[in-house]
Amino acid sequence: MTWVKVAHIGEINEKSGKEIIVNNTRIALFHANGKYYATDALCRHQDGSLAPGKIDGEVVECPLHSWHYNISTGELLDYLAGVKLLTYKVDIKGNDIYLDV
Ligand code: FES
């Protein structure tokens, strides 16, 4: 795995997300609870982008049909047990945000 700088602190408001592309992979970077989280960007239902989804605690709601995922574990919280998004480790160095991809 490789650490890649993907954003700056302050670029993503609290309770917001931003979609980034790293190595041709769409990743959602979220800022919530004073921390940063990263998951696959695409919902497992019909590939809706999760980055603009509403965040409540560690849960993001897909903007298209309201499926819910835990942004820390990637776990889908509705419907199909065992469905998960990939998650990525996040590190902060100075004003920069890095992902382990
Ligand atoms: S695409 Fe996310 S719930 Fe349908």
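Note that this is a predicted model, so its numbers are computed, not measured. Counting from 1, the numbers follow the sequence of the chain as shown. Just so you know, ligand 1 is whichever comes first in the structure, and atom 1 is the first atom listed for that ligand.
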Partners of Asp96 by salt bridge (Lys or Arg N to Asp or Glu O under 4.0 Å), sequence neighbours excluded? Lys5
For Glu14, what residues pass the salt bridge (Lys or Arg N to Asp or Glu O under 4.0 Å) criterion, not counting sequence neighbours?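 Counting only residues at least two positions away or on another chain, Glu14 forms no salt bridge (Lys or Arg N to Asp or Glu O under 4.0 Å).
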Could you pull out every donor-acceptor pair under 3.5 Å between side chains of residues 64-72 and any protein atom, sequence neighbours left out?
from, atom 1, to, atom 2, distance (Å)
His65, ND1, His45, ND1, 3.2
His68, ND1, Ser66, O, 3.1
His68, ND1, Asp78, OD1, 3.3
His68, ND1, Asp78, OD2, 3.3
His68, NE2, Glu61, OE1, 2.9
Tyr69, OH, Arg44, N, 2.9
Asn70, OD1, Ser72, N, 2.6
Asn70, OD1, Thr73, N, 2.9

Does the pair Arg26/Glu19 count as a salt bridge with the N-to-O cut at 4.0 Å?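 Glu19 and Arg26: salt-bridged.
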Polar protein atoms (N, O or S) that approach atom 2 (Fe) of ligand 1 to under 2.8 Å: Cys43 SG, Cys62 SG
Heavy-atom distance under 4.5 Å between the side chains of Asp91 and Lys93, does that happen here? yes
Determine whether Phe30 and Ile12 make a side-chain contact, defined as any pair of heavy atoms from C-beta on separated by less than 4.5 Å. no
